[in-house]
Number of protein chains: 2
Amino acid sequence: MPLSIGQVAERTGLSVHTLRFYEKEGLFAMPVRRVGGQRVYGDAELDWLYLCTRLRASGMPLPLIREYAALVREGMTTVEARLSLLREHRERVAAQMEELQGCLDLVSRKVAMYEDHLAADGDDPLWTRPPVN
Amino acid sequence: MPLSIGQVAERTGLSVHTLRFYEKEGLFAMPVRRVGGQRVYGDAELDWLYLCTRLRASGMPLPLIREYAALVREGMTTVEARLSLLREHRERVAAQMEELQGCLDLVSRKVAMYEDHLAADGDDPLWTRPPVN
DNA sequence: GCTTGCCCTAGAGCCGACTCTAGGACCTAG
DNA sequence: CTAGGTCCTAGAGTCGGCTCTAGGGCAAGC
């Protein structure tokens, strides 16, 4: 069950470089090492890493993840702080999704316009001028 | 109605720098200039710029927008190419939204966990251990 | 005629997030 | 005992997308 950095890279899809980089950036203070200095990853680390990838994928910048990691390390006294950090992130993600939805709508309208134009075989009715861009 | 770069910057929220940068990157081949060499923007440019911002906001990289711009400039012979480019982008945006939704779900679950923990006043029931991170 | 304010170009700088290189240690198998 | 594979650190490089600087032009108003 204890994994080497290479195995974790394989499982998570992150590169070995990225894992070390994340550690250097303070995403997880994990001085758990084998005798030769090699990193050892267990279930806890994998779980945390999974959370990190989700936070990254939703646009949380590394410094903020580091902050959250620091709070977690601090212990149960930081629960309120963690909660508000997560809530703020949730709001940002929701906003981001709304914006994406707007973009998606626009693109879909454009796709529909082009499809109509092609279906009309260049012979657009008066109320459907060919799309400009 | 013809606007200067500064006015366009004000209206779009993009910086003057960014507008010139976009032009340099080929996002719009617009050599429409006043006598002194100053750029002039009309409705067509504003529309196109709006589309550009939506595409950027949905993660389309500049080179791809440039490619689309080139197709538009090429004329109506490139309609199929534009359509497929837009369709591909639409797919990417949809995928991105799904991923974001997954992240949002995870974050929301974590928020709920922390809220439960706080509501229980540190006295969590057996089936609700305090959250680890 | 000089200041003010907007515009121009070319090019440098910055930031975030990786990504890779150099140089070296350790361990195992042949 | 040496070759291969995986690991280590420190630090440099890359890439995308801006952002800013230096140095200068033009036009209006005092």
Side-chain angles (χ1 to χ4, degrees), chain A residues 2-42 45 49-69 89 92-93 96 99-100 103, chain B residues 2-42 45 49-69 89 92-93 96 99-100 103:
Chain A
L3 302 171
S4 74
I5 196 168
Q7 294 169 310
V8 172
E10 210 173 337
R11 270 165 193 64
T12 60
L14 297 168
S15 77
V16 171
H17 295 306
T18 302
L19 287 171
R20 287 198 275 249
F21 170 68
Y22 279 2
E23 184 178 332
K24 198 167 60 184
E25 293 293 292
L27 290 215
F28 38 119
M30 196 207 48
V32 186
R33 302 296 183 102
R34 243 191 277 271
V35 274
Q38 298 185 205
R39 292 168 181 79
V40 175
Y41 298 77
E45 281 74 34
L49 203 45
Y50 177 71
L51 176 58
C52 287
T53 61
R54 273 356 23 229
L55 294 177
R56 280 297 300 125
S58 50
M60 185 181 285
L62 293 184
L64 208 50
I65 305 186
R66 166 168 52 222
E67 197 178 316
Y68 186 75
H89 185 59
R92 279 191 300 271
V93 175
Q96 162 82 348
E99 165 140 52
L100 269 190
C103 299
Chain B
L3 301 171
S4 74
I5 195 169
Q7 294 169 310
V8 172
E10 212 173 336
R11 269 164 193 62
T12 59
L14 296 169
S15 78
V16 172
H17 294 307
T18 303
L19 287 170
R20 287 199 274 249
F21 170 68
Y22 279 2
E23 183 178 332
K24 199 169 59 185
E25 291 294 290
L27 288 217
F28 39 119
M30 195 208 48
V32 186
R33 302 296 184 104
R34 243 189 276 271
V35 274
Q38 300 184 205
R39 293 167 180 81
V40 175
Y41 298 77
E45 281 74 34
L49 203 45
Y50 176 71
L51 177 57
C52 287
T53 61
R54 282 337 42 222
L55 293 177
R56 280 297 299 125
S58 50
M60 185 182 285
L62 292 183
L64 209 50
I65 304 186
R66 166 168 52 223
E67 197 178 315
Y68 185 76
H89 184 60
R92 279 191 301 271
V93 175
Q96 163 81 349
E99 166 141 52
L100 269 190
C103 299

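Each chain gets a letter, A, B and so on, in the order its sequence line appears, and its residues count up from 1.
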- Taking atom CD of B/Glu10 as the centre, report whether more than 12 heavy atoms of other residues, nucleotides or ligands fall under 6.0 Å from it. no
Between [atom2] of [N] and [atom1] of [X], the distance in whole Å:
| X | N | atom1 | atom2 | answer |
| --- | --- | --- | --- | --- |
| A/His17 | D/dC7 | NE2 | P | 11 Å |
| B/Leu19 | C/dT9 | CG | P | 12 Å |
| B/Glu25 | D/dT19 | CD | C1' | 13 Å |
| B/Phe21 | C/dA12 | CZ | C1' | 14 Å |
| B/Leu27 | D/dG16 | CG | P | 14 Å |
| B/Ile65 | D/dG16 | CD1 | C1' | 12 Å |
| B/Tyr41 | C/dC6 | OH | P | 16 Å |
| A/Gln38 | D/dT6 | CD | P | 11 Å |

Tell me whether the side-chain N/O atoms of [X] come closer than 4.0 Å to OP1 or OP2 in [N].
| X | N | result |
| --- | --- | --- |
| A/Arg20 | C/dC18 | no |
| A/Arg39 | D/dT9 | yes |
| A/Tyr22 | C/dA17 | no |
| A/Arg56 | C/dG16 | no |

Looking only at heavy atoms, what is the nearest atom pair of [X] and [Y], with distance?
| X | Y | answer |
| --- | --- | --- |
| A/Val40 | A/Pro2 | CG1-CB, 3.6 Å |
| B/Glu25 | B/Arg66 | O-NH1, 2.7 Å |
| B/Ala9 | B/Leu19 | N-CD1, 3.7 Å |

- Take B/Lys24 and B/Gln7, find for each the nucleotide of DNA chain C with the closest heavy atom, and name the residue whose nucleotide sits nearer the 5' end. B/Gln7
- Message: Please classify the nucleic acid contact of A/Ser4 as base, sugar-phosphate, or nothing, using heavy-atom distances under 4.0 Å.
- Response: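 The residue A/Ser4 makes sugar-phosphate contact but no base contact.
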- Task: Please tell me which of B/Gly59 and B/Gly36 maps to the more 5' nucleotide of DNA chain D, matching each residue to the nucleotide holding its nearest heavy atom.
- Result: B/Gly59
- Query: Which nucleotide, C/dA17, D/dC8, C/dC8, lies nearest any side-chain atom of A/Pro61?
  - Reply: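 In terms of side-chain proximity for A/Pro61, the closest of C/dA17, D/dC8, C/dC8 is C/dA17.
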- Considering only C/dC7, C/dT19, D/dG17, which nucleotide approaches the side chain of A/Thr18 most closely?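 Per side-chain heavy atoms of A/Thr18, the pick is C/dT19.
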- So how far is it from B/Arg39 CZ to B/Glu23 CD, rounded to the nearest 0.5 Å? 4.0 Å
